[in-house]
Number of protein chains: 2
Amino acid sequence: MLHFNRKTEYALLAIEHMVRKEYQHPQVLITSAREISDLYHIPYPLLAKVLQKLAGRGLVKSVHGTKGGYVLTKRPHDISVADVVQIFDGPVALAECFRAQKITCPQWDGCLIKDPFYELNNKIQTLLVQTSLADLAGKSGEALIG
Amino acid sequence: MLHFNRKTEYALLAIEHMVRKEYQHPQVLITSAREISDLYHIPYPLLAKVLQKLAGRGLVKSVHGTKGGYVLTKRPHDISVADVVQIFDGPVALAECFRAQKITCPQWDGCLIKDPFYELNNKIQTLLVQTSLADLAGKSGEALIG
DNA sequence: TTATATAAGACTAATTTAGTCGTATATTGG
DNA sequence: CCAATATACGACTAAATTAGTCTTATATAA
């Protein structure tokens, strides 16, 4: 089906929510997992884990305790879709053989398609790198750039 | 992981094999499932089903009986990667919501990312449409174009 | 008429992904 | 201080998808 997994979607949605919120309500910087899971109907424990992972990778900063939550650490145009995809989906690897470090593919030696496939792979990867979270914010996000 | 499924890989490899074979041995047009599965170490029954599906979609023509097998029905630059991906992976649908016909996504209404995501989706789809099996054949495939 | 090939659908196994649960830790405010 | 609320994290279960198998039927060349 060629799709991102749901954690990636949840992560992008969560970050995007924080981006818009910071822009519209700059005085309220902290967003809790509960707020996002309620608003977008995402199972709370799952979203919590997603945000924890984002915090672990430094894309957001966590604040413990009552009134705690998460705060963005980067500007939206400094976060790429590729950054988020990498965390939850791992690398773009259209073909089986591109993920493994060692050559385990029985087709490898005589494979007719690995090189051009790799090129296609890189083109997609490039698209993801070039799309920032500011881009994802769409029209209303244009004001965020800069 | 953002990958094609194995059937898509097998199909591309099989077609590519037939493309090269037709070019290098124009007198031997028929290729059996057994030949391909042996050469690339693909489980025979699985590859057989893949080829059957390709035959059903008209990308190859089947020949029954002894000395039977499959023959390409199109020129390599008239087959796109997207054609093959569509058969085994279905449409490119980065986000969950793009595959369903009806809106079932609980995020849909307030979703911040669906439109720009759709754009990204289309860019990838375009890459797949623009890459032909002749392109996949790589350097040696250039002689095939035209 | 036998050996070999595709056709097709039902089935099972393996893997991946989604989601849950329990427990620990940090922080605010009464 | 303590109760309420939030994150941290690992182990676990459930659901869904994908990979691969098995069986039976049909067509064809030699």
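Excluded from the calculations below are hydrogen atoms, water molecules and symmetry mates; all remaining heavy atoms, backbone and side chain alike, are included. Order of the sequence lines sets the chain letters (A, B, ...), proteins ahead of strands, with each chain counted from 1.
As a whole-Å value, the separation of A:Arg57 CZ from D:dT7 P is 19 Å. Regarding B:Lys7, its NZ atom lies at a distance of 13 Å from the C1' atom of C:dA8, rounded to whole Å.
For B:Asp115, there are no salt bridge (charged side-chain N to carboxylate O under 4.0 Å, His left out) partners two or more places apart in sequence or in a different chain. With sequence neighbours excluded, the residues that form a salt bridge (charged side-chain N to carboxylate O under 4.0 Å, His left out) with A:Glu96 are A:Arg99, B:Arg6. The side-chain contact (heavy atoms from CB on, under 4.5 Å) check on A:Leu39 picks up A:His17, with sequence neighbours excluded. For the side-chain hydrogen bond (donor to acceptor under 3.5 Å, both in side chains) test, no residue two or more places apart in sequence or in another chain qualifies with B:Asn121. Every side-chain hydrogen bond (donor to acceptor under 3.5 Å, both in side chains) that A:Ser132 has, sequence neighbours left out, goes to A:Asp135. Here B:Leu2 pairs with A:Leu2, A:Phe4, A:Val92, A:Ile124, A:Leu128, B:Leu94 under the side-chain contact (heavy atoms from CB on, under 4.5 Å) rule; sequence neighbours left out.
Note on B:Tyr10: a side-chain N or O is less than 4.0 Å away from OP1 or OP2 of D:dG20. Phosphate proximity of D:dT18 to B:Arg6: absent, as no side-chain N or O sits under 4.0 Å from OP1 or OP2.
A:Asn122 places no side-chain N or O within donor-acceptor distance of the main-chain N or O of A:Glu119, the cut-off being under 3.5 Å. With hydrogens and angles disregarded, a donor-acceptor distance shorter than 3.5 Å links the side chain of A:Lys21 to the backbone of A:Ile30.
To the nearest 0.5 Å, atoms OH (B:Tyr40) and CD (B:Glu35) are separated by 8.5 Å. In this structure, CZ in A:Arg75 is found 13.5 Å from CG in A:Leu133, a value given to the nearest 0.5 Å.
Residues A:Tyr10 and B:Tyr118 share a single hydrophobic cluster, defined by chaining ILVMFWY side chains whose heavy atoms lie under 4.5 Å apart.
Residue A:Tyr44 shares its hydrophobic cluster (ILVMFWY side chains chained together at separations under 4.5 Å) with no other residue.
Direction of the helix axis in the helix from C:dT1-D:dA30 to C:dG30-D:dC1 shifts by 10° between the two five-pair termini, rounded to 10°.
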Taking distance alone, no hydrogens or angles, what donor-acceptor pairs closer than 3.5 Å link side-chain atoms of residues 48-72 of chain B to residues at least two apart or in another chain?
none

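Residues from residues 30-54 of chain B with heavy atoms under 4.0 angstrom of DNA chain C, sorted by number: B:Ser32, B:Ala33, B:Tyr44, B:Lys49, B:Gln52. Scanning residues 80-96 of chain A for heavy-atom distances under 4.0 Å to DNA chain C yields an empty list.
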So which protein N/O to nucleotides 26-29 of chain D N/O distances come out below 3.5 Å?
{"residue": "D:dA27", "atom": "O4'", "partner": "B:His64", "partner atom": "ND1", "Å": "3.1"}
{"residue": "D:dT28", "atom": "O2", "partner": "B:Thr66", "partner atom": "N", "Å": "3.4"}

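Across all strands shown, A:Gly69 has heavy atoms under 4.0 Å from sugar-phosphate atoms exclusively, and none from any base.
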